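Structure record follows, encoded as structure tokens.
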Amino acid sequence: MQILKDQKMSNVGAVILAAGKGKRMGSKTFNKVTLELGGKPMIKYAVELAQSLKLSPIIVVVGFAKESVKKLIGEGVIFAEQKKRLGTAHAVSQGLKTLPQEVSDVLVIQGDDSAFYKKEILQQLINSHIENNNAITFLTAEVSNPSGLGRIVRDKNGKVLAIVEEKDATRLEREIKEINPACYVFNLKFLKKYLPKVPKSSVSGEYYLVSLVDIAIKNKQKLQDAVGGFTPWRGVNTKEELEEAQNMYSKLKP
């Protein structure tokens with residue numbers, strides 16, 4: 001895919017989510033994104049990826065154990081604080097407060113899984129988003145074990161109908177191996193209009209970013225998925241998942 005000209009890329013910012021408490025990691029003094037994977041703190045992969053794509057500005061949303069994250073990154077990013085952990089949609093809303101007016105689109109990635117993304121895949125994601133003037137463009141991935149992850153539900157023609165979280169999935173939907181790794185590019189006008197309309201979860205009381213996909217579909221906004229196919233990927237929420245991610249990462253490196 002053709003690489004976009006620099007002036008178009010200069011209008012794309014990045015928001016990296018690194019505020020969550022990570023309760024299942026059991027830490028009270030450091031954020032999980034500061035843990036090392038492949039000899040480097042996980043958050044650094046996300047920041048360096050955004051830098052390699054020449055995205056500006058790069059916003060890192062911090063919250064729990066924020067100083068542990070800040071001291072690792074240093075300069076070159078803008079920090080936004082999520083004082084109350086009210087979910088990923090709320091975290092993005094805090095990050096948007098620091099974006100300059102000239103930004104037209106924003107890449108949103110997580111601080112704990114970016115070690116597995118290739119620059120070229122995200123470059124294509126951004127290119128496709130801008131070239132097609134999408135409201136949302138999101139990455140999908142196929143994994144051997146989709147347990148605990150949101151499934152991509154498609155119609156017979158391959159069109160995305162919904163992203164269904166595992167707790168809400170039917171038996172057949174749970175067999176789907178195409179998942180949502182929570183890697184998005186949003187048009188900023190769409191994001192500002194519909195982010196306040198994200199519903200609160202009746203279970204957790206939080207606001208989830210993935211709800212914007214359903215909102216886009218219902219409001220006939222332009223939505224596009226970028227199929228990553230079978231690819232190594234692992235979000236990290238537990239010590240066991242960190243160990244699994246480490247094993248996966250070790251196999252990728254010569």
Side-chain angles (χ1 to χ4, degrees), residues 1 11-15 17 61 86-96 99 103-110 113 117 121-122 124-143 146-231 233 235:
M1 185 176 289
N11 293 332
V12 182
V15 173
L17 304 184
V61 182
L86 296 176
T88 49
H90 178 259
V92 169
S93 72
Q94 303 309 294
L96 293 188
L99 282 177
V103 172
S104 60
D105 302 88
V106 59
L107 172 74
V108 178
I109 55 177
Q110 314 300 306
D113 65 2
Y117 291 135
I121 289 177
L122 295 196
Q124 290 177 7
L125 186 76
I126 295 169
N127 289 357
S128 182
H129 175 82
I130 296 176
E131 289 169 357
N132 292 291
N133 195 29
N134 295 332
I136 308 177
T137 311
F138 63 97
L139 186 67
T140 77
E142 293 186 49
V143 295
S147 178
L149 302 170
R151 310 302 205 276
I152 307 297
V153 179
R154 299 179 182 272
D155 65 16
K156 61 182 180 180
N157 297 316
K159 183 180 178 181
V160 173
L161 296 176
I163 298 177
V164 179
E165 296 306 312
E166 185 171 69
K167 67 181 185 302
D168 300 320
T170 65
R171 181 181 59 81
L172 287 176
E173 287 170 344
R174 292 187 183 196
E175 294 178 2
I176 297 171
K177 294 188 181 297
E178 187 181 19
I179 59 95
N180 169 38
C183 175
Y184 311 92
V185 186
F186 293 100
N187 174 273
L188 199 56
K189 289 182 180 178
F190 166 86
L191 198 53
K192 288 182 176 180
K193 180 177 180 179
Y194 289 103
L195 201 54
K197 299 182 181 182
V198 169
K200 180 191 289 188
S201 167
S202 59
V203 177
S204 67
E206 297 183 352
Y207 301 87
Y208 295 121
L209 197 61
V210 67
S211 298
L212 285 171
V213 172
D214 187 47
I215 288 172
I217 292 171
K218 289 179 178 177
N219 287 277
K220 294 181 170 47
Q221 297 293 306
K222 197 167 184 181
L223 179 77
Q224 183 181 353
D225 60 286
V227 180
F230 274 99
T231 182
W233 180 85

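What you are looking at is a predicted structure, and each value in this text was computed from that prediction instead of being measured. Reckoned from all heavy atoms, side chains included, excluding hydrogens, waters and symmetry mates.
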Enumerate donor-acceptor pairs with a distance under 3.5 Å from any side-chain N or O in residues 182-193 to protein atoms, sequence neighbours excluded.
| unit_1 | atom_1 | unit_2 | atom_2 | d |
| --- | --- | --- | --- | --- |
| Y184 | OH | N180 | ND2 | 3.1 |
| N187 | OD1 | K189 | N | 2.9 |
| N187 | OD1 | F190 | N | 3.1 |

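- Using modelled atom types, one side-chain atom of D155 and one backbone atom of N157 make a donor-acceptor pair closer than 3.5 Å.
- Residue pairs meeting the salt bridge (charged side-chain N to carboxylate O under 4.0 Å, His left out) criterion with at least one member in residues 216-228, sequence neighbours excluded, are R154-D225, D214-K218.
- Looking only at distances, no side-chain donor or acceptor of Q221 sits under 3.5 Å from a matching main-chain atom of A216.
- When all heavy atoms of S128 and Q224 are compared, the pair lying nearest together is OG-NE2, 2.8 Å.
- Rounding to the nearest 0.5 Å places CG of L96 at 6.0 Å from CG of L195.
- In terms of heavy-atom proximity, H129 sits nearest to A135 at CE1-O, 3.7 Å.
- We find the CG-CD1 distance between N127 and I130 to be 7.0 Å, quoted to the nearest 0.5 Å.
- By the 4.5 Å heavy-atom criterion applied to side chains, N134 and L223 are not counted as neighbours.
- Considering L212, V210, L209 in turn, L209 is the only one that fulfils the side chain to side chain contact (heavy atoms under 4.5 Å, CB included) rule with T88.
- Within the 4.5 Å cutoff, the side chain of I163 has heavy atoms near those of the F138 side chain.
- Distance CG/L86 to OG/S201: 11.5 Å, rounded to 0.5 Å.
- Across A91 and L17, no two heavy atoms sit closer than the pair CB-CD2, 4.0 Å.
- Put simply, the side chain of I179 reaches to within 4.5 Å of the side chain of R151, judged on heavy atoms.
- In this structure, NE2 in H90 is found 8.5 Å from OH in Y207, a value given to the nearest 0.5 Å.
- Looking only at side-chain heavy atoms (C-beta outward), V15 and V61 come within less than 4.5 Å of each other.
- The side-chain heavy atoms of V160 and V153, taken from C-beta on, include no pair separated by under 4.5 Å.
- Minimum interatomic distance between Q110 and P181 (heavy atoms only, all atoms of both residues): CG-O, 4.4 Å.
- D168 contributes atom CG, which lies 9.0 Å from atom CZ of R174 (distance to the nearest 0.5 angstrom).
- Here S202 pairs with nothing under the side chain to side chain contact (heavy atoms under 4.5 Å, CB included) rule; sequence neighbours left out.
- In this structure, the side chains of I217 and I215 stay at 4.5 Å or more apart for every pair of heavy atoms.
- Residues V103 and V12 are not in side-chain contact: their nearest non-hydrogen atoms beyond the backbone lie 4.5 Å or more apart.
- T140 and E178 share a donor-acceptor pair across their side chains, judged by distance under 3.5 Å alone.
- Put simply, NZ on K156 and CG on L161 are 11.5 Å apart, with the number rounded to the nearest 0.5 Å.
- Between V198 and Y208, the shortest heavy-atom distance links the atoms CG1-O, 3.4 Å.
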